[in-house]
Amino acid sequence: MPDPTDPSQPPPPPPSSEPETRSTSTSIGSPSNVAAAIACIPLIGGIIFYILEKRDSFVRFYAMQSIIFGIAWILISIGCALVSGLLGAIPIEVIANILQGLWNMVTWLIYIGLFVIVIVAVVRALGGVRWDIPYIGPIARKQVEGSAP
């Protein structure tokens, strides 16, 4: 048993009161959960972190999920604009305006839902939890696992 007063022995590290976060990402230099949360920014954040991060599968998963989600968001936006344009082309102007107004409310509800999904993904990433966005998460997981070095 070592002598507790022996000056050649280094003192034991003090206990940490902070919760332990995920390991530091070796490619970027920031904690994995922070990098994954930033990667949740649809499309742009995903592309940047997917290119920069080569080793951390947690960050790469959220980056790929963000890329796919961003593309889906763009396609949904185009679809909503097309439906709005078609409703505006109805020959009876009063009916066209009413239907277009209703569709615009539905469109805003869709956008709010998409924004909530991004917020949930950011919160889960900051918590260090790998969360799959419905339908998109499994696709992202296959892409990341398939491209692992």
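- The minimum heavy-atom distance between Val118 and Cys40, with the atom names listed, is CG1-O, 4.0 Å.
- Residues in residues 64-80 take part in these side-chain hydrogen bond (donor to acceptor under 3.5 Å, both in side chains) pairs, two or more places apart or across chains: Ser77-Tyr111.
- A search for side-chain contact (heavy atoms from CB on, under 4.5 Å) contacts involving Ala36 returns Phe58, Val59, Tyr62, Ala125, not counting sequence neighbours.
- In this structure, Leu102 shares a hydrophobic cluster with Val94, Ile98, Met105, the cluster being traced through Ile, Leu, Val, Met, Phe, Trp and Tyr side chains under 4.5 angstrom apart.
- Under the 4.5 angstrom side-chain criterion for Ile, Leu, Val, Met, Phe, Trp and Tyr, Leu109 has no cluster partners at all.
- Heavy atoms only, all atoms of each residue included: Gly137 and Asp132 are closest at CA-CB, 3.8 Å.
- The shortest side-chain heavy-atom distance between Ser84 and Asn104 falls under the 4.5 Å cut-off.
- Here the CD1-CD1 distance, from Ile76 to Ile110, works out to 7.0 Å after rounding to the nearest 0.5 Å.
- With sequence neighbours left out, the side-chain hydrogen bond (donor to acceptor under 3.5 Å, both in side chains) criterion links Asn97 to no other residue.
- Leu87 pairs by the side-chain contact (heavy atoms from CB on, under 4.5 Å) definition with Val83, Ile90, Leu99, Gln100, Trp103, not counting sequence neighbours.
- Here the straight-line distance linking atom CZ of Arg124 with atom CD1 of Ile119 works out to 13.5 Å at 0.5 Å rounding.
- Ile71 meets the side-chain contact (heavy atoms from CB on, under 4.5 Å) test with Leu43, Ile67, Leu75; sequence neighbours excluded.
- Every side-chain contact (heavy atoms from CB on, under 4.5 Å) that Ile68 has, sequence neighbours left out, goes to Met64, Ile136, Ile139, Ala140.
- No cation-pi contact links Arg60 to Phe49, judged by a cut-off of 6.0 Å to the six-membered ring centre and 45° from its axis.
- In the hydrophobic cluster analysis, where Ile, Leu, Val, Met, Phe, Trp and Tyr join through side-chain heavy atoms closer than 4.5 angstrom, Leu86 is grouped apart from Val106.
- Tyr135 belongs to no hydrophobic cluster with other residues, because no ILVMFWY side-chain heavy atom falls under 4.5 Å from its own, directly or through intermediates.
- Between Arg130 and Ser57, some side-chain heavy-atom pair lies under the 4.5 Å cut-off.
- For the pair Val144 and Phe61, the tightest heavy-atom approach, listed with the atom from each and the gap, is CG2-CA, 3.7 Å.
- Pairing each heavy atom of Ala96 with each of Gly88, the nearest pair is CB-O, 4.2 Å.
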Problem - side chain to side chain contact (heavy atoms under 4.5 Å, CB included) between Trp131 and Val123, intermediate numbers included - result: CA-CA 10 Å; Trp131 179 66; Val123 169; over 6 Å; no

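- Taken from CD1 in Ile41 to CD1 in Ile47, the straight-line distance is 12.0 Å, to the nearest 0.5 Å.
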